[in-house]
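Counting starts at 1 for both ligands and their atoms, following the listed order.
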Amino acid sequence: MEIIRNPQELQNLSLLLRSEGKTIALVPTMGFFHEGHLQLMSEARKQADVLIVSLFVNPTQFGENEDLDNYPNDIERDSKLAEERGVDILFIPSKGSMYYPTHSTWVEVPELAKNLCGQSRPVHFRGVATIVTKLFMTALPHIAVFGEKDWQQLALIKRMVRDLNIPVNIQGHPIVREESGLALSSRNVYLTEEEKKVAPMLQQGLQEMKKAVAKGEADSAKLKKSLTDFYAANIPGSQVDYIEIVHPENISILEKIEGPALCAVAVQVGKARLIDNLQINV
Ligand code: AMP
């Protein structure tokens with residue numbers, strides 16, 4: 001595995017690989033790998049000649065009071081894990097090499113960014129769309145794999161790629177969970193032992209909602225109220241950021257469930273802001 005830090009060097013290499021007829025897959029990450037990241041890599045590995053993983057904690061997708069400065073990292077461990085999963089190139093650019101001090105171009109997908117995480121993280125998706133575009137222009141992949149844990153991000157990137165005619169095939173990968181049901185996340189390290197015991201209730205509550213939908217409840221307000229009560233009872237001290245039922249593709253809010261639907265939640269548990277989601281289609 002080769003480690004590349006310079007964006008220009010990666011772009012030159014990708015151009016060369018493409019001219020040789022090689023296919024390239026990209027998995028963008030912010031590092032501190034867990035099995036979720038690693039499964040994305042294994043999936044991408046199967047589908048291209050060359051697998052590039054980017055590791056960049058993108059400052060522009062963090063708000064002012066968020067955890068940019070404390071975001072966990074362990075590049076040595078990440079490099080080993082990536083190599084074991086068959087990664088060919090680990091791209092670890094510096095902040096300065098990805099953003100000029102005078103950076104002033106942004107990619108925005110307002111329709112898909114306005115709900116869910118976009119409400120409490122107003123600059124987040126502008127940062128995500130911009131960095132993903134820059135990574136696409138640098139790594140020049142044919143395929144890119146993203147996790148369904150960040151469902152809104154995946155939907156937004158699919159829309160962006162369609163709208164801007166970006167020639168990258170976007171693939172989603174199912175959420176990888178602990179046996180307890182807790183979705184793996186780099187931010188789970190912020191949880192105390194006690195919080196870790198109750199955090200799986202996040203998913204448990206979503207499963208309860210799915211059962212209620214299967215039994216015929218279609219009213220989003222009622223379903224959301226039940227889930228709010230469930231979290232209050234089962235995750236002591238938690239603070240719900242949002243519980244929302246949306247259309248899985250355009251992320252518009254659904255008052256009633258009549259077809260494809262996704263329930264997405266963000267809940268603050270101690271120092272960790274945890275997100276999860278579940279398809280609850282009728
Ligand atoms: P991050 O490093 O948190 O930005 O995540 C990098 C990629 O891994 C994103 O596409 C995430 O959606 C994906 N990812 C993170 N956690 C999981 C998980 N538990 N299951 C599946 N994909 C995940």
Side-chain angles (χ1 to χ4, degrees), residues 25-45 47 51-63 66-68 70-75 77-79 81-82 85 87 90-93 95 98 112 116-117 121 124-136 139 141 143-161 168-191 196 199-200 202-203 206 248 251 262 264-267 272-279:
L26 173 69
V27 178
T29 81
M30 299 204 299
F32 208 63
F33 296 151
H34 51 66
E35 190 56 29
H37 296 113
L38 300 174
Q39 286 199 19
L40 262 54
M41 294 175 205
S42 297
E43 184 55 43
R45 174 68 285 171
Q47 301 193 42
L51 172 56
I52 303 177
V53 169
S54 61
L55 193 170
F56 181 59
V57 182
N58 173 37
T60 65
Q61 69 190 65
F62 286 78
E66 295 183 9
D67 57 347
L68 172 63
N70 305 320
Y71 199 82
N73 72 84
D74 187 342
I75 288 185
R77 178 174 161 273
D78 283 353
S79 306
L81 290 170
R85 290 294 168 125
V87 173
L90 187 59
F91 177 49
I92 317 179
K95 181 182 156 196
M98 287 308 273
L112 277 89
L116 309 181
C117 288
R121 308 186 73 191
H124 177 68
F125 287 114
R126 181 185 83 157
V128 168
T130 303
I131 194 64
V132 170
T133 303
K134 285 169 69 69
L135 290 168
F136 286 173
I143 296 167
V145 185
F146 294 84
E148 290 178 355
K149 181 167 104 53
D150 300 275
W151 186 284
Q152 186 176 16
Q153 167 176 286
L154 174 61
L156 180 141
I157 288 166
K158 282 183 182 162
R159 176 69 64 90
M160 174 185 92
V161 159
V168 180
N169 174 354
I170 304 299
Q171 297 191 8
H173 189 81
I175 302 178
V176 181
R177 300 179 181 280
E178 288 187 355
E179 238 172 83
S180 66
L182 175 64
L184 294 178
S185 165
S186 305
R187 289 189 167 102
N188 289 353
V189 292
Y190 300 150
L191 296 170
K196 230 177 159 194
L202 214 66
Q203 174 60 199
L206 287 165
I251 315 295
L262 178 93
V265 301
V267 179
R273 181 178 178 279
L274 303 178
I275 58 170
D276 203 347
N277 64 71
L278 189 66
Q279 295 215 51

So do the side chains of [X] and [Y] get within less than 4.5 Å of each other, counting heavy atoms only?
X    : Y    : answer
L274 : N188 : yes
V145 : I170 : no
K134 : F56  : no
F146 : V27  : no
F91  : V53  : no
Q47  : Q171 : yes

N or O contact, E148 vs ligand 1, cut-off under 3.5 Å: no

Any N/O of G36 closer than 3.5 Å to an N/O of ligand 1? no

Among all protein heavy atoms in this structure, tell me which lies nearest to [atom], with the distance rounded to 0.1 Å.
atom                    : value
atom 6 (C) of ligand 1  : P28 O, 3.4 Å
atom 20 (N) of ligand 1 : V176 N, 2.8 Å
atom 1 (P) of ligand 1  : H37 NE2, 3.6 Å
atom 13 (C) of ligand 1 : L40 CD2, 3.6 Å

What atoms of ligand 1 come within less than 4.0 Å of a heavy atom belonging to [X]?
X    : answer
M30  : 1 (P), 2 (O), 4 (O)
L184 : 16 (N), 17 (C), 18 (C), 19 (N)
I175 : 20 (N), 21 (C)
G147 : 9 (C), 10 (O), 11 (C), 12 (O), 13 (C), 22 (N)
F146 : 10 (O)

Give a yes-or-no answer on whether the side chains of Y190 and N70 include a donor-acceptor pair shorter than 3.5 Å. no

With a 4.0 Å cut-off on heavy atoms, is H34 in contact with ligand 1? yes

Between V57, L38, L55, D150, which one has a non-hydrogen atom sitting closest to atom 14 (N) of ligand 1? D150

Would you please name every residue forming a salt bridge (charged side-chain N to carboxylate O under 4.0 Å, His left out) with R126, sequence neighbours left out? none

E148: side chain to side chain donor-acceptor pair (under 3.5 Å) partners, not counting sequence neighbours: none

Indicate, as side chain, backbone, both or neither, the part of S185 found under 4.0 angstrom from ligand 1 when only non-hydrogen atoms are considered. neither

